[in-house]
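Source: prediction; values computed, not measured. We number each residue from 1, following the sequence as shown.
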Amino acid sequence: SNHKISLLAHNQISNVFVYWQNYRLPDNFIRISNGIITFDIPAEANKLKRSFIRVWASNKYGVSNDVLIPLQKGEVLTQSKYLTRTDKHAQVMYFLLVDRFFNGDTLNDKPLNRPDVNKRVDFWGGDLKGLQQKIEDGYFEKLGVNTLWISPLNQNPLEPYGYYAPKKTKFSGYHGYWPISSSRVDFRFGSNDGLKTLVKKAHNQQMNVLLDYVANHVHEEHPLYKQHPEFATNLYLADGTLNVEKWDEQRLTTWFDTFMPSLDYSNPKVVSMMTDSAIFWLREFQLDGFRHDACKHVNLEFWRLLTLKMKQQFPENMNYQIGETYGSPKLIASYLTTGMLDGQFDFNVYDIANTTFAGVGGGDLKRVESVLNASLQMYGSHNLMGYISGNHDKARFMAYASGDIKFGEDAKAAGWNREIGITDSTAYDKFLLFHAFNFTIPGIPVIYYGDEIGMTGGNDPDSRRMMRFESWNAREKKLFDGVSKLIKLRRSHPVFIYGDFINIKTEKDTWVYARKYFDEEAIVILNNASESRSVKM
């Protein structure tokens, strides 16, 4: 009230740190009396539509939780009506593979139709026009998401590559991760003009568009590699062995495959060129940021320079960047600063939550709480990490939850060798509970396409089936409606977006936690057992 904020401290305070827009407020702004911290909102905040205050306290025992306070033109934001698509914390993300989403233009259907390419890994016809149609017909608005993450759109090779010996098949570039151009949309997805139109349509519906950007490598047919092979790392190590798939021991130089040269980011020329390439996509298509592929395999110099260029050239844009890194929380966090990425996908929380809510592997909500708490300590209580329902590199949640894939089974082989269905329909209830978890914890919830209706499948490529928009059964409709309600609940209450996370009581099958934002409180009660439970507080 009266341009002042008061916070109650439960323990004795030695120091208080109050930051506005990452500038520490001088001590004369802050007063401490009887365990109450009071400070003035800077007058400069009145000039900005959105700014942020962060508060920490400390004593000899350690540092407190942090409090995040968004301001709307100098006043504390307490109503969701002021939130827009540019508010990073308020995002609800939806990830889709363009080729597997919706076919809006059959004229650009160009499958390879070759005997050495299994139909499961050929082009299926999904395109930008199809995605645009789903934007225009209100599918995403009905679901409630406000950020689309779309798979890479760069032109991919016309010939198949790679080889999966058990099925004697090569692969097409339907997924988009084998770029042979740094500026052209693959004609099988549409055109550059088509992407511009799609982004405009999304913005008109108050949705962001993030592009999956591939910085780590190019395809061997890319002109950059053909003209400058010295811009790539060495395919062979000093001992003569192939430097392929050495994810950890040769993290910054390894190739993903023999036809995918990893770029050498120890070379400043490569850093300069590839950051300019990313800036081209932002400027040319008015994108809102990136999902970055294979972050840990790219030197930090790239991320620092790219983020600097984005802030310098697009100071008014949202420009959210989220990365993909498999590894320890310490490694993941090493990319998270104001000078690099906003967030990364928290695979450590996903892995434990996925199996626990699916009911496999001896799941225990105490373990989920422990891993989530470790993440909040590592990445911050108000982080911008991505909390996923699934992705294109993993078997679908429903396959495990229904028992059609067993825990510890080779999920890739299962997807190739048999038809994965949904034997036990209680998997839909399990999935709604998993969604409820993702939508009520701090961070950015991310839906993998089809998870809103409970699509199933083994690992890649079976997890990349064509999205279905018709002939939903009653269970699929109910799950969609439940997910939509969860999204709208989250987006309409700032407590789920900016609130502190407070663990109340955790048992093996039940979990009670709260989110608190000033005088608004939300209590979340999860029951992961197959029968009703009583919880005494």
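Using a 4.5 Å heavy-atom threshold, the side chains of R50 and L77 count as touching. Side-chain contact between E230 and Y225: absent, with no pair of heavy atoms (C-beta onward) separated by less than 4.5 Å. Counting heavy atoms from C-beta outward, L211 and L153 have side chains that approach closer than 4.5 Å. Side chains of M260 and Y161 form no contact here, defined as non-hydrogen atoms less than 4.5 Å apart. Counting heavy atoms from C-beta on, the side chains of W178 and E221 never come closer than 4.5 Å. Taking the side chain as every heavy atom from C-beta outward, T84 and K49 approach each other to under 4.5 Å. I279 is listed as a side-chain neighbour of F314, based on a closest heavy-atom distance under 4.5 Å. Here the side chains of V244 and L235 are in contact, with some heavy-atom distance below 4.5 Å.
Here L143 contributes atom CG and E452 contributes atom CD; the two are 5.5 Å apart, rounded to the nearest 0.5 Å. The line from CG of L97 to CE of M467 is 12.5 Å long, rounded to the nearest 0.5 Å. A distance of 10.0 Å separates NE2 in H297 from OH in Y326, rounded to the nearest 0.5 Å. The structure places NZ of K142 at 8.0 Å from OG of S484, a figure rounded to the nearest 0.5 Å. Summarising the geometry, atom OG1 belonging to T147 is positioned 8.5 Å from atom CZ belonging to R85; distances are rounded to the nearest 0.5 Å. L341 contributes atom CG, which lies 11.5 Å from atom CZ of R291 (distance to the nearest 0.5 angstrom).
R475 and D429 are joined by a salt bridge, as a carboxylate oxygen and a charged side-chain nitrogen come within less than 4.0 angstrom of each other. Ion pairing between a basic and an acidic side chain is recognised when a charged N comes within 4.0 Å of a carboxylate O; R468 and E476 show such pairing. With salt bridges taken as basic N to acidic carboxylate O contacts below 4.0 Å, none links D99 and R464. With salt bridges taken as basic N to acidic carboxylate O contacts below 4.0 Å, none links D127 and K129. Ionic pairing of R418 and D404 is not present here: no N-O contact between side-chain nitrogen and carboxylate oxygen is shorter than 4.0 angstrom. A salt bridge links E284 with K196: at least one charged nitrogen is closer than 4.0 Å to a carboxylate oxygen.
Heavy atoms from other residues, nucleotides or ligands lying under 6.0 Å from NZ of K167 number more than 12. By the neighbour-count criterion of 12 heavy atoms within 6.0 Å, atom NZ of K485 is sparsely surrounded, having that number or fewer from other residues, nucleotides or ligands. Atom NZ of K478 has 12 or fewer heavy atoms from other residues, nucleotides or ligands within 6.0 Å.
The minimum heavy-atom distance linking D87 with Y82 is given by the pair OD2-O, 4.1 Å. Summarising the geometry of R120 relative to D462, their closest heavy-atom pair is NH1-OD1, 4.0 Å, with the distance given to 0.1 Å.
The one candidate from L83, N383, L68 that meets the side chain to side chain contact (heavy atoms under 4.5 Å, CB included) condition with H89 is L68. Screening V298, T325, L306, I322 for a side chain to side chain contact (heavy atoms under 4.5 Å, CB included) with H292, the sole residue that qualifies is L306.
Ring geometry for F496 versus H493: interplanar angle over 60°, hence perpendicular rather than tilted (30 to 60°). Between Y350 and F434, the ring planes are tilted. Angles from 30° to 60° get that label.
Residue pairs meeting the ring pair (Phe, Tyr, Trp, His ring centres under 6.0 Å) criterion with at least one partner in residues 117-141, sequence neighbours excluded, are Y94-F140, F101-F140, Y139-F469, Y139-F480.
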Practice task
Please assess D288 against K88 for the test salt bridge (Lys or Arg N to Asp or Glu O under 4.0 Å), listing each intermediate value before the final yes or no.
Solution key: CA-CA 11 Å; D288 302 290; K88 294 180 181 181; over 6 Å; no

Exercise for the section: Quick one: do E159 and R114 satisfy salt bridge (Lys or Arg N to Asp or Glu O under 4.0 Å)? Show the steps, please. Expected result: CA-CA 10 Å; E159 297 294 316; R114 291 173 44 147; 2.6 Å; yes

Exercise for the section: For side-chain hydrogen bond (donor to acceptor under 3.5 Å, both in side chains), just list the numbers for E245 and T254, CA-CA rounded to whole Å, side-chain angles, deciding distance to a tenth of an Å, and then say yes or no. Expected result: CA-CA 6 Å; E245 296 188 3; T254 192; over 6 Å; no

Practice task
Determine, stepwise, if the pair Y213 / W149 fulfils ring-ring contact (aromatic ring centres under 6.0 Å, His included).
Solution key: CA-CA 10 Å; Y213 187 74; W149 153 26; over 10 Å; no

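Remark: K110 engages F187, R188 in a side chain to side chain contact (heavy atoms under 4.5 Å, CB included) (not counting sequence neighbours).
Between the side chains of H392 and Y177, at least one donor-acceptor pair of N or O atoms lies under 3.5 Å.
A cation-pi arrangement, defined by a distance under 6.0 Å to the six-membered ring centre and an angle within 45 degrees of its axis, is absent between K430 and F357.
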